> 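Attaching a single structure in C-alpha cells format; questions to follow.
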Amino acid sequence: MIRLISGWLSSLVLGMLVVGPLAALGVCALVDVGPGGEARASLFPAAVVLLDPFVWTSLRQSAITAGIASLAAIVGGTIVGRVVGRPGGASRAAAMVALGIAAASPPYLIALGASGWLDAGDSATWRARFPSIDAAWAAWVAASVVPGMALGALAYLRALDGLGPWWREAAAMAGGPRLGRWRRLAWPPIRPAMARAGAFTFALTLADPGPPLLLGLRRTLGYQMVVVATGDAPFPALASLALIAVATVAGWRIILRLWSGPDREGNGRDDRPRPPASWRRALATWGVAAGFGAFVLAAMVGLGMVAGEAADEGGATRRLSADPAVTRILVRSLAMGVGVAVLATASGAALARLEASAGLAAAGRFRRLAKAVAPPPIVAGVVVLALGRLATLASAGREDAGALIDWLDADRAPMVATTLAVWLAVASSRVGRRPLGPVDAAHDARYDAAMLAGARRGSARRLARGGRLGEGWGDFAATLATAAVAVAPAMVVVSWLSIATVGPGVLLYRERGGAGAAVAATLGLLAWGVALATAPIGAGRRGNASTADSPGA
C-alpha cells in the first residue's frame with residue numbers, strides 16, 4: 001500500500017513538473033494589474049498580442065529560419081553522414097573532429113563573426129548581386145544551418161554505428177541498388193535519431209535572440225521577446241509570446257515524431273574489421289572536413305575583424321579591457337556556471353528517484369510529454385520571470401515578504417533568475433538522456449569486471465559507483481562551462497553590463513562599437529574556446545553554448 005501511494009505521488013509530481021511551467025505562463029498571460037495595483041484576470045492583453053500582425057510576421061520569419069535549419073539537420077546531416085560512411089581511418093577521424101567543432105560552435109558567436117564580414121564588405125555590391133536576399137538574414141540562416149547540419153551528421157553516424165552488422169549482412173543478401181538497400185534496411189532505425197536532431201535544432205533556432213540582436217533583425221520572435229522582457233511592463237505580453245513559442249516548437253516536434261515512427265534501437269556496434277576505404281570516399285570525407293573547418297575558420301576571422309574595428313588610440317581598448325565590469329562578467333559567469341551545474345546534478349538525481357518510484361509506465365509518459373512541450377531556451381528565462389511575478393503578486397501586502405525582497409535587491413535578483421533560467425533550460429534538454437528505469441550497480445559492466453577479477457561484492461559495488469562518479473564529474477564540468485557562456489535564457493533577465501555574464505556581455509559590448517567591439521570579440525573567442533574545450537568532439541554527441549546544454553539545448 002505504501003509503495004502504491006509513493007508511486008502515485010511520484011507520478012503526480014512528475015506531471016506537475018511538466019504542467020507547472022506552462023500553467024505559470026498561462027496565468028501570467030491572463031493576469032493583469034489594474035490602475036490601483038490590484039491583480040485582475042483579463043483576456044484583453046492576450047488578445048492584443050494574438051491579433052497583432054507584427055507578432056505573426058516575426059513568428060513566420062523565425063519559423064522559416066528554424067525550419068530551414070531543422071531540415072538542414074535532417075537532410076544535410078543524412079547526406080554528410082552517408083559521405084563520411086563507416087568508422088575507421090584518418091579521414092573519418094578528421095571529419096568527426098570538423099563536425100564536432102562545427103556542431104559545438106554557438107550560433108550567436110558565428111553571427112558575431114558574420115557581422116564583422118558584413119561591416120567590412122560593400123553592402124551596395126551585395127544588394128546589386130543578390131537584390132532579393134538580405135545579407136543579415138542569410139548570415140542568421142548560415143549561423144543556424146551549419147551547426148545544425150553538423151549535429152545531424154553526428155546523430156546519423158552515431159545511429160549508424162549503433163545498428164550493428166545485421167543490416168549490412170541483410171543488405172548483402174537482399175541485393176539490388178545500394179541506395180535502395182540503405183533506404184529499406186538502414187534508414188528506418190536511423191530516422192528517429194534524425195528527427196530528434198531536427199527538433200532540437202528547431203527549438204534552438206526559433207526564439208534564439210543572439211543572432212537577431214547582433215544582426216539587427218527586428219522581425220524575429222527572439223528579438224521581440226527580449227525587447228518586451230527588458231521593458232517597463234513585460235507581462236502579460238511576454239508570457240503570451242512564450243506560449244506561442246512553446247506551441248510552435250511542440251507542433252514541429254509532433255510532426256517530426258509522426259514522420260519518424262517508432263524508435264528502434266540497434267543491437268550493438270559493428271566492431272568487425274573494416275575493408276580498406278576507397279580513395280573516392282576518402283577524398284569526399286576530407287572535403288567534408290575541409291568545408292566545415294573552413295566555415296569555422298571564416299567565422300573566427302570575422303571575430304578578429306570585429307576586434308580590428310577599434311583603433312587602439314590612446315590605449316582605449318586596454319582601458320576598456322581593464323574595466324572592472326569585464327572582471328565582474330567573468331566572476332559572475334563562473335558563479336552562475338557552478339550554480340547551474342550543482343542544480344543540474346541535484347535535479348537529475350531527484351528526477352531519477354521519482355521515475356524509479358513512479359514506475360516505467362508513468363516515467364515513460366512523463367518523458368514523452370516533457371519532450372513534446374519542453375520550452376525553447378529563451379522561454380526558460382520567461383518561465384522564471386513568470387514564477388517571480390506570481391510570487392510577487394501572491395506576497396503583495398504581506399509583511400513576511402520584506403526580508404526576501406530586501407535580499408534580492410541590487411544584483412542578486414538578476415543573478416538568481418539567470419541561474420535558474422539556465423538550469424531550467426539544461427534540465428529540459430536532458431529529459432530522456434538517462435536510460436529509463438532505476439540504475440543498479442549490480443548490472444554495471446564495471447561491477448561484472450570487478451567480480452571476475454576476484455573482488456568482493458561490496459568492493460565491486462564501490463568500484464562501479466566510483467566509475468560513474470568520474471563520468472559525473474566530467475558532465476559537471478561540461479555543464480559548468482557551457483552554462484557560463486549561455487546567452488538565450490539569460491538575455492531575458494539581463495539588460496545592462498553591470499549584471500551581465502559572458503554571453504550577454506558579448507552582445508552588450510558589441511552595441512557600443514569601437515573599443516567595445518574589441519572587448520566583445522575577446523569575450524566571444526573566450527566563449528568559443530570554452531565551447532570547443534567542453535564539447536565531446538568525435539564522440540558523436542553535441543555541446544552547444546548558445547543555450548545552457550548545450551545550453552538542446
Side-chain angles (χ1 to χ4, degrees), residues 52-66 68-69 105-147 204-231 238 241 245 298-299 301-310 376-378 381 487-488 490-492 494-497 500 503-521 523-524 527 546:
D52 187 357
F54 187 75
V55 171
W56 295 105
T57 300
S58 301
L59 176 63
R60 182 176 66 252
Q61 300 281 13
S62 298
I64 290 174
T65 303
I68 293 174
S105 300
Y108 80 95
L109 294 180
I110 299 175
L112 179 62
S115 67
W117 285 101
L118 294 178
D119 292 343
D122 187 356
S123 58
T125 303
W126 173 275
R127 287 194 297 269
R129 292 182 178 181
F130 310 101
S132 60
I133 301 177
D134 188 345
W137 283 100
W140 186 27
V141 170
S144 303
V145 163
V146 174
L204 286 182
T205 308
L206 179 69
D208 188 359
L213 288 171
L214 286 166
L215 300 171
L217 302 175
R218 295 179 176 272
R219 292 180 299 169
T220 57
L221 190 59
Y223 194 106
Q224 293 305 313
M225 289 179 68
V226 171
V227 170
V228 174
T230 54
L238 182 59
L241 293 175
V301 171
L303 281 178
M305 295 168 64
V306 171
E309 292 179 1
I378 193 174
V487 60
M491 275 307 299
V492 297
V494 176
S495 60
W496 54 91
L497 285 174
V506 170
L507 293 111
L508 295 172
Y509 269 114
R510 183 69 174 104
E511 293 178 354
R512 293 187 172 188
V519 177
L523 291 175
S546 176

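Note that the numbering runs from 1 along the sequence shown for the chain. The shown structure was predicted, so the numbers you read here are calculated from the model rather than taken from an experiment.
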> Grab the two heavy atoms, one from Leu508 and one from Ala500, that are nearest each other, plus how far apart they are.
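Nearest heavy atoms, Leu508 then Ala500: CD1-CB, 4.0 Å.
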
> Calculate, to the nearest 0.5 Å, the distance between atoms CG and CH2 belonging to Leu214 and Trp140 respectively.
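The CG atom of Leu214 sits 12.0 Å away from the CH2 atom of Trp140.
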
> Run through Val226, Leu217, Val227 and flag the one making a side-chain contact (heavy atoms from CB on, under 4.5 Å) with Pro209.
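Between Pro209 and the candidates, side-chain contact (heavy atoms from CB on, under 4.5 Å) is satisfied uniquely by Val226.
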
> Tell me, please, which residues at least two apart from Val55 pass side-chain contact (heavy atoms from CB on, under 4.5 Å).
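Here the qualifying residues are Val49, Asp52, Leu241, Ile244.
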
> When rounded to the nearest 0.5 angstrom, what is the spacing between CE in Met491 and OH in Tyr108?
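Interatomic distance, Met491 CE to Tyr108 OH, rounded to 0.5 Å: 11.0 Å.
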
> Can you tell if the side chain of Pro377 reaches within under 4.5 Å of the side chain of Asp208, non-hydrogen atoms only?
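Not touching, per the 4.5 Å side-chain cut-off.
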
> Can you name the side-chain contact (heavy atoms from CB on, under 4.5 Å) partners of Ile68, sequence neighbours left out?
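For Ile68, the residues satisfying side-chain contact (heavy atoms from CB on, under 4.5 Å) (neighbours in sequence not counted) are Ile64, Val141, Val145.
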
> So which atom in Thr205 and which in Ala66 form the shortest heavy-atom distance, rounded to 0.1 Å?
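Heavy atoms only, the tightest pair is CG2-CA, 3.8 Å.
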
> Does any pair with a residue in residues 216-228 pass side chain to side chain donor-acceptor pair (under 3.5 Å), and if so which ones, sequence neighbours excluded?
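Sorted result for residues 216-228: Arg218-Tyr223.
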
> With the side chain counted from C-beta on, respond yes when Val506 and Leu112 share a heavy-atom pair under 4.5 Å apart, and no when they do not.
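Yes - at least one pair of side-chain heavy atoms lies under 4.5 Å apart.
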
> Drop me the distance from Glu511's CD to Leu213's CG, to the nearest 0.5 angstrom.
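Between Glu511 CD and Leu213 CG, I get 7.0 Å after rounding to 0.5 Å.
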
> Could you grab the distance from atom CH2 of Trp56 to atom CG of Leu221, nearest 0.5 Å is fine?
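Result: 10.0 Å between the selected atoms.
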
> Which atom pair, heavy atoms only, marks the closest approach of Ala111 to Leu215?
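The answer is O-CD2, 4.0 Å.
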
> Are the side chains of Pro147 and Ile110 in touch, meaning some heavy atoms are under 4.5 Å apart?
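A side-chain contact exists here, since the closest heavy-atom pair is under 4.5 Å.
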
> Can you list the residues that meet the side-chain hydrogen bond (donor to acceptor under 3.5 Å, both in side chains) rule with Arg60, with sequence neighbours excluded?
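Applying side-chain hydrogen bond (donor to acceptor under 3.5 Å, both in side chains) to Arg60 gives none.
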
